[in-house]
Amino acid sequence: MNDESRQDALDTSGRRLDQIRLTGITALGYHGVFEHERRDGQTFVADVVVHLDTRRAAARDDLAHTLNYGELAEQVAAVLSGEPVDLIETVAERIAATVLASGVVQAVDVAVHKPNAPIQVPFGDVVVAIHRDRSKLPAAEPYVARPVAEPEPSSRPVPTSTATFPVTPAPGAPVVASGAWSDAVAPAPGGFSQGPDGPSTELEPVPAGEALVVGEVVTDVLDVEPDGPVEVVLALGANLGPAQDTLRDAVTDLARTPGIEVRDVSALARTSAVGGPEQSDYLNAVVLAQTTLAPRALLRATQAIEQAHGRERHERWGPRTLDIDIVLYGSVLAVTDDLELPHPRAHERAFVLQPWAQVDPDAVLPGLGGGPVGALAATAPDRDGVRWLALDWLTTAIPAVSGDTGAVPAGPGAEAQDT
């Protein structure tokens, strides 16, 4: 990885972090879209630059406070030689997720080289280089070594298993799952406001290399109903029009939607907007529910409620009459073109975390950057923007949001809530 492809990462005070560099990690892998690549394999090379603060480890001369680069090198090599995928972009994401799984790492640069790529003209190398950090998480799960009871005999090395992260294309495209999924594994959604989001859980795993077929139609697993009710967390927000009334009606609309059972509703939070143009404060709440809807069916249901309340998507992170985001869908961890779960920015948004922790103090957000919701709320960057929580907002008007239009009054430094 050269200096041009590597990015400097900064700590919370704006100072450049330290780096640990691993270059030239080499392994035989079986990644590629061609049959001969999967059959014969080829050499893959990875360069990794880890961004972290090494002072504590140096002061104590203690490996426990830094990254064990020997173990990391073995994990990177295992990803390179492990479960075959079509794209080296996927390999790069898996390596980045493995590095960020260490709590001491703040950011990582990964470059995956494919020097023997099947290109029909003279070339030197093919490289995919990515930068991932806590705000732009990898679209994959970390490498996890899985013990093999009886290795299959093979004329070539048996690929090492890695954690499978389902990545599905847009609706209607064929879906191929690589490897077995954990607990629940229908790929999933995300986005604040997620244009589209909301995945599935409790679904049967798809065998490696096979598409899910219903009759004669290849179906995206995000469109398959789960076997039983799935716990979901929905985040509601509004800052245009009679915001409190809109949120109250949205809760009623959710409860009346077939396949959705509202279990609990959080206190109402008034919050400064985060990101985007200057605009009024938001009212935010979190709904805990169960659903028997498939991921995209849930997404369509929430979007229909948004549209019924005049939601328009003219400006990203702009003000809105109603926003309903799928924060969590069971235990699903996945990234797709239209859905991502858990919500990729939920771990750093106090306007979601504080109401969620209020209604469910023991809640835990899974995935990279996750953890106990209460603890995440206490350290979220926008925590000072949460003005107050109203407990009885479903039955009592909130004076602070009354007025000619019923819109939420503007607060200092207002920014958009759609992350």
Side-chain angles (χ1 to χ4, degrees), residues 1-7 9 18-52 54 63 66-102 104-105 107-132 138-148 151-165 167 178-179 208:
M1 181 176 296
N2 57 37
D3 291 335
E4 292 182 358
S5 63
R6 186 173 59 247
Q7 302 182 33
D18 307 317
Q19 298 177 353
I20 295 176
R21 303 178 189 174
L22 285 170
T23 61
I25 302 171
T26 305
L28 176 67
Y30 300 87
H31 313 293
V33 298
F34 296 108
E35 191 276 334
H36 67 85
E37 294 182 289
R38 295 297 185 99
R39 181 188 66 241
D40 303 329
Q42 60 189 290
T43 298
F44 292 86
V45 182
D47 302 325
V48 179
V49 179
V50 179
H51 302 267
L52 71 171
T54 63
L63 180 62
T66 187
L67 186 70
N68 186 326
Y69 47 78
E71 292 181 357
L72 177 62
E74 293 177 356
Q75 292 171 338
V76 171
V79 174
L80 293 176
S81 63
E83 180 181 332
V85 296
D86 287 346
L87 304 177
I88 56 175
E89 287 89 338
T90 306
V91 177
E93 294 285 352
R94 287 180 174 175
I95 293 173
T98 301
V99 177
L100 284 174
S102 171
V104 300
V105 176
V108 60
D109 297 296
V110 177
V112 176
H113 304 253
K114 190 175 181 180
N116 300 312
I119 297 176
Q120 301 306 312
V121 298
F123 74 101
D125 196 2
V126 174
V127 184
V128 169
I130 65 173
H131 177 87
R132 297 291 180 264
E141 285 185 326
Y143 165 80
V144 177
R146 301 185 187 278
V148 179
E152 299 178 10
S154 175
S155 57
R156 59 173 172 80
V158 177
T160 304
S161 174
T162 61
T164 297
F165 193 85
V167 179
S178 54

J.: What distance separates D109 CG from I95 CD1, expressed to the nearest 0.5 Å?
T.: 12.5 Å

J.: If you round to the nearest 0.5 Å, how far is OG1 of T43 from CG of L28?
T.: 6.0 Å

J.: Would you name the heavy atoms of I88 and F44 that are closest together and state the gap between them?
T.: CG2-CE2, 3.7 Å

J.: Mind checking the CZ-CG spacing from F34 to D86? Nearest 0.5 Å is all I need.
T.: 10.5 Å

J.: Counting only N and O atoms by type, is there a donor-acceptor contact under 3.5 Å from the side chain of S81 to the main-chain atoms of A27?
T.: no

J.: For G32 versus E37, what's the shortest heavy-atom pair and its separation?
T.: CA-OE1, 3.3 Å

J.: Of all heavy-atom pairs between Y143 and V79, which one has the smallest distance, and what is that distance?
T.: CB-CG2, 3.7 Å

J.: Could you report the tightest heavy-atom contact between V110 and V108, atom names first, then the distance?
T.: CG2-CG2, 3.9 Å

J.: Working to the nearest 0.5 Å, report the span between CD1 of I25 and CG of L72.
T.: 6.0 Å

J.: With side chain to side chain contact (heavy atoms under 4.5 Å, CB included) as the criterion, how do T54 and L52 come out once you've worked through the C-alpha distance, each side chain's angles and the decisive distance to 0.1 Å?
T.: CA-CA 6 Å; T54 63; L52 71 171; 4.0 Å; yes

J.: Restricting to non-hydrogen atoms, name the atom on N116 and the atom on Q42 that form the minimum distance, rounded to 0.1 Å.
T.: O-OE1, 3.1 Å

J.: Find the distance between CD1 (I20) and OG1 (T66) and round it off to the nearest 0.5 Å.
T.: 4.0 Å

J.: Measure the CG-CZ distance between L80 and R94 for me, rounded to the nearest 0.5 Å.
T.: 11.0 Å

J.: Ignoring hydrogens and angles, tell me if any N or O in the side chain of E93 forms a donor-acceptor pair with the backbone of A139 under 3.5 Å.
T.: yes

J.: Show every side-chain hydrogen bond (donor to acceptor under 3.5 Å, both in side chains) that has at least one partner inside residues 118-127, sequence neighbours left out.
T.: H113-D125

J.: Looking at every non-hydrogen atom in both residues, tell me the closest pair between R132 and A96 and how far apart they are.
T.: CG-CB, 3.9 Å

J.: Sub-3.5 Å donor-acceptor pair from the side chain of H31 to the main-chain atoms of L87, do we have one?
T.: no

